[in-house]
Amino acid sequence: MDQTKGILLESGTNELEIVEFGIGTNKFGINVIKVKEIINPVPITYVPHAHKNVEGIIELRSEILPVVDVAKALGFPPSEKPKDDKFIVAEFNQQKIVFHVHTVTQIHRISWKQIEKPSDMYQGLEGQIIGVIKLNGEMLLLLDFEKIVVDINPESGISLQQVKKLGKRERSNKKLVVAEDSPLLRKLLHDTLSEAGYEFLEFFENGEDALNYLESIIQSGKELTEEVQLVITDVEMPQMDGLHFTRRMKEDNDLGKLPVIIFSSLITDDLRHKGNMVGADAQVSKPEIAELIRLIDEHIL
């Protein structure tokens, strides 16, 4: 990759690269940031009583990794040419997982603006798609890999138990803005943050809607820091991602006063610099809800 491309993706320009892969005749995408490598299938060791979507485990460079059958997870028939299948080795939410897919075709660079939010008509709260991309006359579905993993292992998700362990907490009258595109995660964050004492929460489905809301407060003549005391944002969101949203806030004289915490499955040692570059006040990996609450306590105005 040449330097200019590197810079483009570095600085919160609202772009991403996706790996296109196929299951049957359908086309799907995964954010390149989540992908460690793509390999040809290797023998899988079957594990008794594993979840129905887990084929078993493989050893890759002395690591034992679970293999998820993506076709099965989506309710698609198995591959017609299993020898040509591919394994996508991914890392997010502080864990490595292998996704068994049928084909891997190419990488596309796109803007989050090109990604449309799936409709509730065909999606619903439990949906597995985070976005729909129209590319060259075809539709590519961006899959919610976090959801696929939490379905297999609910323990890996955000839980109220983690908050209850913090003990009795004071109710807070502080107001938080949260940008998170997953309906399921919005509900979980609502429940866990309320349990932690933060009941005044405004939720938005992407950075653009959240930014418009914050700007509207300023335009109304109100004092922004009296209306909002902290912002929490995911990274991967249709229309405007969290890095671009954070950058836009921090470049603005008024909005820049608000502390921003990035809460994303993509926070790893390798990727933390991206959040630093756009001026985030703190970053925490999903599903570390107790750590998120600690950081809210620390940074809130």
Side-chain angles (χ1 to χ4, degrees), residues 15-42 44 50-56 58 65-93 96-153 181-185 205-206 234-239 241 265-266:
E15 288 190 309
L16 77 159
E17 290 182 323
I18 51 166
V19 176
E20 179 188 319
F21 66 90
I23 302 285
T25 55
N26 278 56
K27 297 188 169 175
F28 297 94
I30 178 171
N31 192 336
V32 164
I33 286 178
K34 290 192 170 100
V35 178
K36 285 287 170 197
E37 59 184 315
I38 296 161
I39 59 172
N40 290 322
V42 295
I44 296 172
H51 187 278
K52 64 179 175 30
N53 297 340
V54 175
E55 288 182 63
I58 64 166
L65 304 176
V67 180
V68 174
D69 184 339
V70 179
K72 201 166 200 179
L74 300 179
F76 281 53
S79 170
E80 290 175 3
K81 300 179 188 162
K83 280 196 175 71
D84 298 337
D85 286 3
K86 289 282 183 265
F87 283 3
I88 297 176
V89 183
E91 183 176 19
F92 55 88
N93 280 10
K96 272 192 191 164
I97 297 149
V98 179
F99 293 105
H100 176 182
V101 303
H102 297 169
T103 55
V104 172
T105 41
Q106 56 190 316
I107 291 179
H108 305 278
R109 175 194 296 276
I110 56 168
S111 160
W112 283 102
K113 277 265 179 223
Q114 287 170 259
I115 301 176
E116 290 179 29
K117 177 177 96 69
S119 154
D120 293 340
M121 278 291 288
Y122 56 79
Q123 173 79 333
L125 183 65
E126 297 293 322
Q128 288 169 316
I129 306 164
I130 53 173
V132 180
I133 308 157
K134 294 184 200 134
L135 268 183
N136 315 323
E138 294 186 306
M139 276 196 295
L140 209 118
L141 306 179
L142 207 54
L143 279 188
D144 188 345
F145 285 94
E146 286 86 348
K147 170 97 177 41
I148 290 170
V149 171
V150 170
D151 286 346
I152 291 168
N153 177 20
D181 63 317
S182 158
L184 193 71
L185 267 168
E205 294 182 350
N206 60 58
D234 187 16
V235 170
E236 297 182 285
M237 297 180 288
Q239 298 305 312
D241 77 335
S265 63
L266 300 178

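Only a predicted model underlies this, so the values are computations on that prediction, with no experimental measurement involved.
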Quick one: does any side-chain atom of [X] pair with a main-chain N or O of [Y] as donor and acceptor, under 3.5 Å?
{"X": "Gln106", "Y": "Val19", "answer": "no"}
{"X": "Ser79", "Y": "His102", "answer": "no"}
{"X": "Gln114", "Y": "Ser111", "answer": "yes"}
{"X": "Thr103", "Y": "Gly22", "answer": "yes"}

Just how far is it from atom [atom1] of [X] to atom [atom2] of [Y], taken to the nearest 0.5 Å?
{"X": "Asp234", "Y": "Asp181", "atom1": "CG", "atom2": "CG", "answer": "5.5 Å"}
{"X": "Ile133", "Y": "His108", "atom1": "CD1", "atom2": "NE2", "answer": "8.0 Å"}
{"X": "Ile33", "Y": "Ile18", "atom1": "CD1", "atom2": "CD1", "answer": "12.5 Å"}
{"X": "Lys117", "Y": "Ile129", "atom1": "NZ", "atom2": "CD1", "answer": "12.0 Å"}
{"X": "Asn26", "Y": "Glu138", "atom1": "CG", "atom2": "CD", "answer": "10.5 Å"}
{"X": "Ile88", "Y": "Asp85", "atom1": "CD1", "atom2": "CG", "answer": "11.0 Å"}

Quick one: do Phe28 and Leu74 satisfy side-chain contact (heavy atoms from CB on, under 4.5 Å)? Show the steps, please.
-> CA-CA 11 Å; Phe28 297 94; Leu74 300 179; 3.7 Å; yes
Which of these, Ile130, Val70, Val101, sits in a side chain to side chain contact (heavy atoms under 4.5 Å, CB included) with Leu143?
-> Val70
Show the numbers, then the answer: is there a side-chain contact (heavy atoms from CB on, under 4.5 Å) between Ile152 and Val54?
-> CA-CA 8 Å; Ile152 291 168; Val54 175; 3.6 Å; yes
Between [X] and [Y], is any pair of side-chain heavy atoms under 4.5 Å apart?
{"X": "Asn40", "Y": "Lys86", "result": "yes"}
{"X": "Thr25", "Y": "Phe76", "result": "no"}
{"X": "Ile148", "Y": "Asn53", "result": "no"}
{"X": "Gln239", "Y": "Trp112", "result": "no"}
{"X": "Val68", "Y": "Ile97", "result": "yes"}
{"X": "Asp151", "Y": "Gln128", "result": "yes"}
{"X": "Lys34", "Y": "Glu146", "result": "yes"}
{"X": "Phe87", "Y": "Leu65", "result": "no"}

Compute whether any side-chain donor of one residue and acceptor of the other, for His51 and Asn153, lie under 3.5 angstrom apart.
-> no
Return the minimal non-hydrogen interatomic distance between [X] and [Y], and the atom names on each side.
{"X": "Pro77", "Y": "Ala71", "value": "O-CB, 3.8 Å"}
{"X": "Pro82", "Y": "Pro41", "value": "O-CG, 4.2 Å"}
{"X": "Ile115", "Y": "Pro238", "value": "O-CB, 3.4 Å"}
{"X": "Ile107", "Y": "Glu17", "value": "CG2-CB, 4.1 Å"}

Would you call the rings of Phe21 and Phe145 parallel, tilted or perpendicular if under 30° counts as parallel and over 60° as perpendicular?
-> tilted
Would you call Glu55 and Lys72 a salt bridge, using N to O less than 4.0 angstrom?
-> no
Residue Glu80 excluded, over 12 heavy atoms near CD under 6.0 Å = no
